Amino acid sequence: RLRKWQRRIRVSNATERNLAFALSELDRMASALGLPRTVRETAAVVYRKAVDKNLIRGRSIEGVAAAALYAACRQCSVPRTLDEIEEVSRVSRKEIGRTYRFISRELALKLMPTSPIDYVPRFCSGLNLKGEVQSKSVEILRQASEKELTSGRGPTGVAAAAIYIASILCGERRTQREVADVAGVTEVTIRNRYKELAEELDIEIIL
Amino acid sequence: MSESSIKIENVVASTKLAEEFDLTVIESEFEGAEYNKQKFPGLVYRVSDPKAAFLVFTSGKVVCTGTKNVADVHTVVGNLAKKLNSIGIKTIEDPQITVQNIVASADLHTILNLNAIAIGLGLENIEYEPEQFPGLVYRIDEPKVVVLIFSSGKLVVAGGKSPEDCERSVEVVRQQLDSMGLL
DNA sequence: GCTTTAAAAAGTAATCT
DNA sequence: AGATTACTTTTGAAAGC
């Protein structure tokens with residue numbers, strides 16, 4: 001009857017309004033992070049699936065949007081850290097992480113942990129390091145993975161250490177501070193990781 | 001062949017020592033007792049006999065944490081009751097003590113490839129986010145516990161109701177990893 | 001969901017010398 | 001560059017917001 005239709009329209013309006021808000025949030029965050037359209041679209045797909053499965057119940061739209069974007073970056077192999085997502089979102093990193101785990105499980109995203117290799121292109125360009133250094137960094141990371149030097153370690157820290165070593169080996173040295181800043185880790189972490197990599201992979205680093 | 005040599009690191013238990021407590025009185029009589037109602041409804045009291053910490057509530061219920069044995073829980077709860085009696089507070093005779101949670105550590109003595117384990121156990125059954133925490137989280141249904149698996153081969157079992165639960169869960173993990181050739 | 005307790009694992013981080 | 005301290009994760013109960 002009429003009442004039923006009014007209610008349906010009202011719900012529909014609210015649903016559409018919320019979806020529009022979520023999509024604008026995704027756009028805003030993606031723009032702030034300079035993410036390509038494909039990632040925004042992937043994030044929108046993830047968000048819509050979350051809506052279809054009623055996963056937004058008891059959660060904030062901003063939180064689910066941030067988590068969807070975080071997941072989309074990983075699905076597209078252009079990962080952003082939770083800290084980076086937090087900077088452009090209105091929710092805490094704790095909530096983003098918690099929401100990510102939830103939608104990741106409910107939507108069966110089955111994402112492997114982020115690979116340090118996926119951070120190499122972005123970090124290297126941020127350091128103005130070209131292809132040769134990138135290739136060397138990836139080579140080091142492949143060896144590191146084979147020798148079990150990456151399990152349990154932060155992907156950004158391992159990637160940063162590999163880039164630090166590669167930059168020196170390629171004669172385009174970047175300081176630990178410079179690498180640490182683009183990777184968002186501390187110099188201490190780079191030091192710990194590069195010492196381990198250099199030792200275990202028998203890489204001689206002459207400064 | 002299954003000497004898991006589990007080490008119990010912490011035991012959490014709950015009990016009821018009275019129908020009600022006047023936490024303000026206990027706070028003034030027990031040295032070191034902390035009680036801030038607006039901060040937390042329970043009074044915090046630490047003992048060092050066997051080391052332990054209590055959370056005492058106005059309802060008469062008590063939570064005991066920090067002991068390394070199930071037996072120590074009974075010891076320290078008994079001591080707490082005696083201490084309460086000594087300042088004129090009566091307590092229930094044979095309080096029913098329930099172990100709510102046991103945290104234990106173990107060692108598989110092998111370096112582990114957590115990515116391989118994540119795939120082997122199934123991405124839908126585990127949580128592994130090295131960006132946030134170095135351990136892989138594996139939830140087991142029987143016994144119902146959570147096992148944190150580290151690349152060093154060290155394990156942390158949380159949520160067990162008995163030491164046996166912890167030992168069994170370590171065996172479950174060891175057997176599963178072994179059957180997949182990941183040990 | 002948060003607050004408080006204790007405890008281990010290993011990585012990362014902040015601060016001080 | 002160390003050394004220290006501290007926070008990340010997991011578990012569980014308690015009473016109340």
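Here the structure is a predicted model, which means the values were calculated and not measured. Per chain, numbering begins at 1; letters A, B, ... match sequence-line order.
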If you check every side-chain atom of [X], which of [options] has the closest atom?
X        : options               : value
B:Val146 : C:dA14, C:dT5, D:dT11 : D:dT11
B:Phe133 : C:dA10, C:dA13, D:dG2 : C:dA10
B:Ala158 : D:dT11, C:dT5, C:dA8  : D:dT11
B:Val156 : D:dG2, D:dT9, C:dA8   : C:dA8
B:Phe150 : C:dT4, D:dT11, C:dA10 : C:dA10
B:Ala53  : C:dT12, C:dT5, D:dT9  : C:dT5
A:Arg191 : D:dA14, C:dT3, D:dA1  : D:dA1
B:Lys68  : C:dT12, C:dG1, C:dA8  : C:dA8
B:Pro134 : C:dG11, C:dT5, C:dA9  : C:dG11

On a whole-Å scale, what distance lies between the [atom1] atoms belonging to [N] and [M]?
N      : M      : atom1 : answer
C:dA7  : D:dA3  : C1'   : 23 Å
D:dA14 : C:dA8  : P     : 25 Å
C:dA9  : D:dA13 : C1'   : 23 Å
C:dC2  : D:dT8  : P     : 11 Å

key: For B:Asn113, all residues meeting side-chain contact (heavy atoms from CB on, under 4.5 Å), sequence neighbours excluded   = A:Glu148, A:Ser151, B:Asn115, B:Ala116

Under 4.0 Å from OP1 or OP2 of [N]: is there any side-chain N or O of [X] that close?
X        : N      : value
A:Thr189 : C:dA13 : yes
B:Lys51  : C:dA7  : yes
B:Ser59  : D:dA15 : yes
B:Ser152 : C:dA10 : yes
A:Arg153 : C:dT12 : no
A:Arg193 : C:dA10 : no
B:Arg139 : D:dT11 : yes
B:Lys154 : C:dA10 : yes
B:Ser14  : D:dA14 : no

[atom1] of [X] versus [atom2] of [N]: gap in Å, rounded?
X        : N      : atom1 : atom2 : result
B:Gln38  : D:dG16 : CD    : P     : 14 Å
B:Lys37  : D:dA14 : NZ    : P     : 17 Å
B:Leu136 : C:dA8  : CG    : P     : 22 Å

task = Pick base, sugar-phosphate or nothing for B:Gly42, based on heavy-atom distances below 4.0 Å to the nucleic acid.
result = nothing

query = Is the centre of the B:Phe30 ring less than 6.0 Å from the centre of the B:Phe54 ring?
reply = no

